[in-house]
Engineer: 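The following block contains the structure, expressed as structure tokens.
Sequence positions, counted from 1, serve as the residue numbers for this chain.
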Amino acid sequence: MTARIEHLVTSGTFSLDGGTWDVDNNVWIVGDDHEAVVVDAAHDAEAIAAALGGRTLRAIVSTHAHNDHIDAAPELAARTGAPILLHSDDLPLWKQTHPDRAPDGELTDGQVLTVAGVELTVLHTPGHAPGAVCLYAPDLSALFSGDTLFAGGPGATGRSYSDFPTIVESIRERLLTLPGDTVVHTGHGDTTTIGTEAPHLQEWIQRGH
């Protein structure tokens, strides 16, 4: 079976720095009929488990540790036996949501995860969060960008643990160098492509200052 990308939207809240907001999150499932990985177990472990069906879940990959991207991860791990993977720079954020449950493994820059014959390369892209990562799957012409890059610009950097110059550098150096036809599967909202976003880098920089 060839690998494919599946998508579901889950709803809940995002909380940081004393505020709480209603959010819809994109959950991405990459795999075939037999095995899969989940990118960002957001809000609803039951819905994600239902979408997986009987497939073996190889990993729960957290693009970063804001609560709306990890709140359902421990329950999904308990249901499936899959390890939760997170970049170690985001452990302080993780502990705000799950003080009594550590991730099961670390994501490191350049690490390759393989599922259903497809390689997903971990790109460390700090800025929105210190341990933010994207996953690049060249065989699928796909980038899973978490909250680093959206249709229309970089992820938010107005709250704790985030930094605008850092996210711009991450996007410039790590993401806009990818092929222009790479489809960007974001943490919230619509997909886009690298080619669509690349011409706007200067605008974002001017807007951000």
Side-chain angles (χ1 to χ4, degrees), residues 13-26 28 39-40 42 61-71 85-98 103 106-113 120-138 141-209:
T13 57
F14 165 57
S15 300
L16 190 67
D17 299 342
T20 297
W21 300 265
D22 292 328
V23 286
D24 295 327
N25 283 62
N26 293 326
W28 302 100
V39 181
D40 288 339
V61 181
S62 304
T63 60
H64 61 295
H66 285 151
N67 73 293
D68 57 319
H69 291 256
I70 60 166
D71 50 3
L85 306 180
L86 177 76
H87 194 284
S88 60
D89 288 357
D90 257 22
L91 283 172
L93 275 167
W94 173 275
K95 288 172 182 170
Q96 290 184 14
T97 303
H98 301 302
E106 286 187 14
L107 295 171
T108 56
D109 187 57
Q111 178 180 351
V112 176
L113 307 172
L120 304 167
T121 300
V122 177
L123 306 176
H124 182 212
T125 52
H128 181 71
V133 301
C134 300
L135 296 174
Y136 177 48
S141 294
L143 179 79
F144 301 91
S145 66
D147 287 1
T148 295
L149 179 62
F150 290 107
T157 52
R159 303 192 180 99
S160 296
Y161 299 98
S162 65
D163 182 73
F164 181 75
T166 303
I167 201 171
V168 166
E169 184 181 351
S170 290
I171 292 169
R172 179 197 284 126
E173 301 295 327
R174 308 306 304 277
L175 304 186
L176 299 187
T177 52
L178 299 174
D181 62 355
T182 303
V183 177
V184 181
H185 300 274
T186 60
H188 308 271
D190 296 333
T191 57
T192 181
T193 66
I194 293 295
T196 300
E197 302 306 322
H200 302 290
L201 179 67
Q202 253 351 92
E203 292 168 36
W204 305 336
I205 293 170
Q206 286 161 357
R207 201 167 70 206
H209 285 308

Engineer: Would you say the side-chain atoms of S170 pair up with the backbone N or O of T166, donor to acceptor, closer than 3.5 Å?
Structural biologist: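 Checked: pair present.
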Engineer: Kindly compute the distance separating SG (C134) from CZ (F144), expressed to the nearest 0.5 Å.
Structural biologist: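 Nearest 0.5 Å value for the SG-CZ distance: 11.0 Å.
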Engineer: Taking the side chain as every heavy atom from C-beta outward, state whether L85 and L113 have any atom pair closer than 4.5 Å.
Structural biologist: yes
Engineer: Taking the side chain as every heavy atom from C-beta outward, state whether D190 and T186 have any pair of such atoms under 4.5 Å apart.
Structural biologist: no
Engineer: Going from CD on Q96 to CG on D90, what distance comes out if it is rounded to the nearest 0.5 angstrom?
Structural biologist: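 The CD atom of Q96 sits 10.0 Å away from the CG atom of D90.
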Engineer: Please tell me if the side chains of L143 and I194 come closer than 4.5 Å, counting only heavy atoms from C-beta onward.
Structural biologist: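 Answer yes - side chains close enough.
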Engineer: Distance from L123 atom CG to R174 atom CZ, nearest 0.5 Å?
Structural biologist: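 So the CG of L123 and the CZ of R174 are separated by 5.0 Å.
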Engineer: More than 12 heavy atoms of other residues, nucleotides or ligands under 6.0 Å from CG of D109: is that the case?
Structural biologist: yes
Engineer: So, taking the atom named OG1 in T63 and the one named CG in L135, what distance separates them when rounded to the nearest 0.5 Å?
Structural biologist: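 Taking OG1 in T63 and CG in L135, the distance rounds to 8.0 Å.
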Engineer: Can you name the nearest heavy-atom pair linking I171 to W204, along with the distance?
Structural biologist: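 Looking at all heavy atoms of both residues, the closest pair is CG2-CZ3, 4.0 Å.
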Engineer: Could you verify whether a donor N or O on one side chain and an acceptor N or O on the other, from T196 and T193, lie under 3.5 Å apart?
Structural biologist: yes
Engineer: Can you see which heavy atom on S62 is nearest to which on L107, and at what distance?
Structural biologist: O-CD1, 3.7 Å
Engineer: Using every non-hydrogen atom in the two residues, find where H188 and H69 come nearest and quote the distance to one decimal.
Structural biologist: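 Looking at all heavy atoms of both residues, the closest pair is NE2-NE2, 3.2 Å.
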Engineer: Does a donor on one side chain sit under 3.5 Å from an acceptor on the other, for E203 and H200?
Structural biologist: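 Yes, because at least one side-chain N or O of E203 sits under 3.5 Å from a partner of the opposite role on H200.
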Engineer: For D68 and A42, indicate whether the former's side chain and the latter's backbone hold a donor-acceptor pair under 3.5 Å.
Structural biologist: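 Not at all, since once roles are kept as given, no pair shorter than 3.5 Å links the two residues.
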Engineer: Using side-chain heavy atoms (C-beta onward) and a distance below 4.5 Å, is L175 in contact with Y136?
Structural biologist: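 The answer is no; the side chains never approach within 4.5 Å.
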Engineer: How about V112 and L120: do any of their side-chain heavy atoms sit closer than 4.5 Å?
Structural biologist: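 No - every pair of side-chain heavy atoms lies 4.5 Å or more apart.
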Engineer: Is there a side-chain contact between H87 and W94, using heavy atoms and a 4.5 Å cut-off?
Structural biologist: no
Engineer: Go through the side-chain N and O atoms of T157 and D163 and say whether any donor and acceptor fall under 3.5 Å apart.
Structural biologist: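 Not at all, the side chains of T157 and D163 share no donor-acceptor pair under 3.5 Å.
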Engineer: Does I70 reach the side chain of H98, with side-chain heavy atoms less than 4.5 Å apart?
Structural biologist: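 In short, these two side chains touch, coming nearer than 4.5 Å.
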Engineer: Is the shortest heavy-atom distance from the side chain of K95 to the side chain of L93 under 4.5 Å?
Structural biologist: no
Engineer: List the atom of V23, the atom of N25, and the distance in Å for their closest heavy-atom pair.
Structural biologist: CG2-OD1, 3.4 Å
Engineer: Please walk me through it: do Q206 and L201 pass side chain to side chain contact (heavy atoms under 4.5 Å, CB included)?
Structural biologist: CA-CA 9 Å; Q206 286 161 357; L201 179 67; over 6 Å; no
Engineer: Show the nearest heavy-atom pair for residues G152 and R207, with the distance to one decimal.
Structural biologist: O-NH2, 3.4 Å
Engineer: Which is it for H124 and D89 under the side chain to side chain contact (heavy atoms under 4.5 Å, CB included) test, yes or no, and what are the steps along the way?
Structural biologist: CA-CA 10 Å; H124 182 212; D89 288 357; 3.7 Å; yes
Engineer: Output the distance between atom CG (L16) and atom CZ (R159), rounded to the nearest 0.5 Å.
Structural biologist: 7.0 Å
Engineer: Going from CG on D147 to CZ on F14, what distance comes out if it is rounded to the nearest 0.5 angstrom?
Structural biologist: 8.0 Å
Engineer: Less than 3.5 Å apart, any donor N or O on the side chain of T125 or T148 sitting next to an acceptor on the other?
Structural biologist: yes
Engineer: Counting N and O atoms only, with roles assigned by atom type, does the side chain of D40 sit under 3.5 Å from a partner on the main chain of G146, one being a donor and the other an acceptor?
Structural biologist: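 No; zero donor-acceptor contacts below 3.5 Å.
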Engineer: On a heavy-atom basis, which atom in S15 and which in T20 lie closest, and how many Å separate them?
Structural biologist: OG-OG1, 2.8 Å
Engineer: Under 3.5 Å, is there a donor-acceptor pair between the S141 and D181 side chains?
Structural biologist: no
Engineer: In terms of side-chain heavy atoms, does H128 have a donor or acceptor partner in H66 at a distance below 3.5 Å?
Structural biologist: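 Distance-only check passes for H128 and H66.
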